[in-house]
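Have a look at the structure below, then the notes.
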Amino acid sequence: MRATSLAAFLAAARETFARGDGPGARRTLALLDDLEIPARTRVPTPGELPGELIELLATAADTPCLAALREVSRDLDWRRSPRSNGPVAELVGPDGTLTHHGLRCGLFVLPRRHLYAEHVHAADEVYAVLAGAGEWSLGSAGFAAKAPGDLVEVPSMTPHALRTGPRALLMLWSWTGDITFDRYRFTS
């Protein structure tokens, strides 16, 4: 993977998170600001580019983050998440292209007509909607629609769920705080 392409994507991701004013977005920005990208990055074994992602990238309005993603998407290690059953690529984190032990940051696709059941985790999470459409339920609130450009802050241990309708959903996400999966669990 070219370090310049990864650096360009992470710069665009930083600008995306900068639109948020919550504590999770601020911590993400601070950690991204301190992130050093080596001239040679670890090259993951790329998986097949998810069909949902190909469709979203082809039909989404162009933004700096999506333009940068188009440059690196084929070089990322896309895997099927055992939790959401959607494609995920961790760019920064213990399992990421760039190793970091205080931040997880990556991309996540929730397939169309899919429910990511209510769950909790110790990490503070921020979702940035990049393309498609979806709905979030936080705490005891009902589902609320989110569109490209929206950021969703999920404080530690807050029950939350996501669902999609006829379109898949592409998100940039970050975890800060306790980024282990030790306290991750489904609540429903």
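Residues take their numbers from the sequence shown, with the count starting at 1. These numbers come from the heavy atoms of this one structure, side chains and all, not from hydrogens, waters or symmetry mates.
- Across Val109 and Pro111, no two heavy atoms sit closer than the pair O-CD, 3.7 Å.
- Nearest heavy atoms, Ala161 versus Ala117: CB-C, 4.0 Å.
- Between Pro148 and Ala131 the shortest heavy-atom distance is CG-CA, 3.9 Å.
- Salt-bridge check for Glu52 with Arg112: failed, with every basic side-chain N at 4.0 Å or more from each acidic carboxylate O.
- Going from atom NE2 of His100 over to atom CG of Leu35 covers 6.0 Å, rounded to the nearest 0.5 Å.
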**Study point:** Full working for side chain to side chain contact (heavy atoms under 4.5 Å, CB included) between Leu130 and Met171
**Key:** CA-CA 5 Å; Leu130 299 179; Met171 298 156 280; 6.0 Å; no

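- Atom NE2 of His121 sits about 9.0 Å away from atom OG1 of Thr158, to the nearest 0.5 Å.
- Leu49 places none of its side-chain heavy atoms less than 4.5 Å from the side chain of Leu76.
- Leu151 and Leu169 sit in two unconnected hydrophobic clusters of ILVMFWY residues. Membership requires side-chain heavy atoms under 4.5 Å apart, directly or through other members.
- Between atom CD1 of residue Ile179 and atom CD of residue Glu90 there is a gap of 7.5 Å, rounded to the nearest 0.5 Å.
- Put simply, the side chain of Pro64 does not reach to within 4.5 Å of the side chain of Glu15, judged on heavy atoms.
- Linking ILVMFWY side-chain heavy atoms closer than 4.5 Å, directly or via other members, places Leu91 and Val88 in two distinct hydrophobic clusters.
- Using a 4.5 Å cut-off on side-chain heavy atoms (C-beta onward), Leu172 and Phe17 make contact.
- At most 12 non-hydrogen atoms from other residues, nucleotides or ligands lie less than 6.0 angstrom from CZ of Arg79.
- Taken from SG in Cys105 to CG in Leu31, the straight-line distance is 10.0 Å, to the nearest 0.5 Å.
- Note on Val92 and Leu107: same hydrophobic cluster, where clusters join Ile, Leu, Val, Met, Phe, Trp and Tyr whose side-chain heavy atoms are under 4.5 Å apart, directly or indirectly.
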Practice item. Would you sort out whether Arg104 and Asp95 count as a side chain to side chain contact (heavy atoms under 4.5 Å, CB included), showing the intermediate values? Key: CA-CA 8 Å; Arg104 283 187 193 266; Asp95 305 315; 3.2 Å; yes

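- For Phe108 and Tyr116, the ring centers sit closer than 6.0 Å to each other.
- Arg185 places no side-chain N or O within donor-acceptor distance of the main-chain N or O of Val120, the cut-off being under 3.5 Å.
- Taking each heavy atom of Ala12 and Cys65 in turn, the nearest pair found is CB-CA, 3.6 Å.
- With hydrogens and angles ignored, the 3.5 Å screen pairs no side-chain donor or acceptor of His114 with any backbone N or O of Gly86.
- Between Leu66 and Leu170, some side-chain heavy-atom pair lies under the 4.5 Å cut-off.
- Within the 3.5 Å criterion, the main-chain N or O of Ala25 finds a donor-acceptor partner in the side chain of Glu153.
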Review point. Does the pair His160 and Glu118 meet the rule for a side chain to side chain contact (heavy atoms under 4.5 Å, CB included), with working shown?
Key: CA-CA 5 Å; His160 59 290; Glu118 186 177 86; 5.9 Å; no

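- A single hydrophobic cluster is not seen to contain both Val126 and Met157; linkage of ILVMFWY side chains at heavy-atom distances under 4.5 Å, directly or through other members, places them apart.
- Within the 4.5 Å cutoff, the side chain of Arg80 has heavy atoms near those of the Pro87 side chain.
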Review point. For Asp178 and Ser156, what are the C-alpha separation, side-chain angles and deciding distance, and is it a side chain to side chain contact (heavy atoms under 4.5 Å, CB included)?
Key: CA-CA 9 Å; Asp178 179 352; Ser156 173; over 6 Å; no

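- Residues meeting the salt bridge (charged side-chain N to carboxylate O under 4.0 Å, His left out) test with Arg163, sequence neighbours left out: Glu135.
- Under the 4.5 Å side-chain criterion, counting only non-hydrogen atoms from C-beta, Leu138 is in contact with Val152.
- Partners of Phe181 according to the ring-ring contact (aromatic ring centres under 6.0 Å, His included) rule, which considers only residues two or more places apart in sequence or in another chain, are Trp175.
- Between Asp21 and Arg26 there is no salt bridge, since no side-chain N of the basic residue sits under 4.0 Å from a carboxylate O of the acidic one.
- Counting only distance, with no hydrogens or angles, the side chain of Thr164 and the backbone of Ala168 share no donor-acceptor pair below 3.5 Å.
- Contact of the His101 side chain with the Leu103 side chain is not registered, since no non-hydrogen atoms from C-beta on lie closer than 4.5 Å.
- Leu162 and Leu56 are assigned to two separate hydrophobic clusters, defined by single-linkage of ILVMFWY side chains at heavy-atom distances under 4.5 Å.
- Atom-to-atom distance recorded for Thr4:OG1 and Ile37:CD1 is 10.0 Å, nearest 0.5 angstrom.
- Ser5 and Glu71 are not linked by any side-chain donor-acceptor pair at a separation below 3.5 angstrom, with hydrogens and angles left out of the test.
- Taking the centre of each ring, Trp136 and Tyr127 come in below the 6.0 Å mark.
- Taken from CZ in Arg70 to CG in Leu53, the straight-line distance is 9.5 Å, to the nearest 0.5 Å.
- Within the 4.5 Å cutoff, the side chain of Leu57 has no heavy atoms near those of the Ile54 side chain.
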